[in-house]
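Structure first, then comments.
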Amino acid sequence: MNSLEVQNLYFKYSSEATDYILKDINFQIEAGEWVAIVGHNGSGKSTLTKNLNGILAPTKGRVIVQGVTLAEATVWDIRRKIGIVFQNPDNQFVGATVADDVAFGLENRAMPYAEMHQRVHDALAAVDMLAYERQEPAHLSGGQKQRVALAGIIAMAPDIIILDEATSMLDPDGRKQVIATVQQLQARRHNTILSVTHDLEEAALADRVLVLNNGELIASGTPSKVFSQPKLLKKIGLDAPFTQRVKQALIHQGLKLPDGYLNSSELIEALWTLNSKM
């Protein structure tokens, strides 16, 4: 069974609107898979995520989460399966301390104190923020705040975690911290991860990439497949990942490198291999 499936999804904000924001979107995500959604600003990425857990209702089409079709009668059950971390963590904080904030969703579920306390402890440990549990969220760095926001989602134990531009406001160190945490979650807890981003370096870490343009899904595949199409990326206003740009510059200098997209490790290995033959 797929963790998440979208079938022929269309969306517009009102019945009077003539243009659809999302147009005939179709994809499937397997349990435990990390899928990145990329596209320029206004391509429909965040609108799509809001259609996945009922924040917005699809105008046409279906969203199926672990075999259950999203509908008015099922929306609250589906929201228990999906957790979303948004762009600005400050907008998600409601507790006076880090621990209070992580406990907020569990309190709303009337969870027994002992279980709630354990879940808060485990969630903060999972994001390496246990030492900050009594601090006020406002005093944390951007990366720390986002990890606390992620801990609040982890404590609720959803099977699917959506990162909606969750690293876009962070500095490089904060971005690395959050991405490392997500990678650990996928490895340890086998969460299904859906990350919405305009950062192709981040998207290159995913198992698969979906490319949106003007509300349409125009490409899907592994990072290697998608990022080895520079003309496609340029057409929709996205730059190639850094390693792809380095590779092309080296090729222009006369070096012979493997075809297709290479991540940083693969590019380094290719250069070492080339050097050993010179």
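Using a 4.5 Å heavy-atom cutoff, the side chains of Val65 and Thr74 are not in contact. A 4.5 Å side-chain heavy-atom check between His198 and Ser168 finds at least one atom pair inside the cut-off.
Using modelled atom types, no side-chain atom of Gln87 and backbone atom of Asp164 make a donor-acceptor pair closer than 3.5 Å. Distance alone, capped at 3.5 Å, is enough to place a donor-acceptor pair between the Arg79 side chain and the Asn53 backbone. Side-chain atoms of Arg62 do not come within 3.5 Å of backbone N or O of Thr69 as any donor-acceptor pair. Side chain of Gln146 to main chain of Phe86: a donor-acceptor pair is present (N/O by atom type, distance under 3.5 Å, no hydrogens or angles). Judged purely by atom type and a 3.5 angstrom limit, Asn8 has no side-chain atom pairing as donor or acceptor with the backbone of Gly61. With Lys247 contributing its side chain and Pro258 its backbone, the two residues share a donor-acceptor pair below 3.5 Å. Judged purely by atom type and a 3.5 angstrom limit, Gln244 has no side-chain atom pairing as donor or acceptor with the backbone of Pro241. Here the side chain of Asp19 pairs no donor or acceptor atom with the backbone of Ala17 at under 3.5 angstrom. Under the 3.5 Å distance criterion, the side-chain polar atoms of Thr59 are matched with a main-chain donor or acceptor of Lys12.
By the rule that hydrophobic residues join a cluster once side-chain heavy atoms approach within less than 4.5 Å of another member, Tyr10 and Ile37 end up as members of separate clusters.
The 12-atom threshold is exceeded at CG of Asn108, counting heavy atoms of other residues, nucleotides or ligands nearer than 6.0 Å. The neighbour count for His117 NE2, taken as heavy atoms of other residues, nucleotides or ligands under 6.0 Å away, does not exceed 12. Other residues, nucleotides and ligands contribute over 12 non-hydrogen atoms within 6.0 Å of the CZ atom of Arg245.
Across every non-hydrogen atom of Leu163 and Ala166, the tightest pair is CB-CB, 3.9 Å.
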Would you give me the side-chain donor-acceptor pairs under 3.5 Å for residues 217-235, sequence neighbours excluded?
unit_1 : atom_1 : unit_2 : atom_2 : d
Thr222 : OG1    : Lys225 : N      : 3.1
Ser228 : OG     : Ser224 : O      : 2.9
Ser228 : OG     : Lys225 : O      : 3.0
Gln229 : NE2    : Lys225 : O      : 3.1

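In this pair, Tyr13 and Phe11 present their aromatic rings perpendicular. The plane angle is above 60°, beyond the 30 to 60° band.
Applying the salt bridge (Lys or Arg N to Asp or Glu O under 4.0 Å) definition to pairs two or more places apart or across chains, those involving residues 104-126 are Glu115-Arg119.
The one candidate from Leu22, Leu52, Leu210, Ile29 that meets the side chain to side chain contact (heavy atoms under 4.5 Å, CB included) condition with Val6 is Leu52.
Residues satisfying the salt bridge (Lys or Arg N to Asp or Glu O under 4.0 Å) test with Lys45, not counting sequence neighbours, are Glu165.
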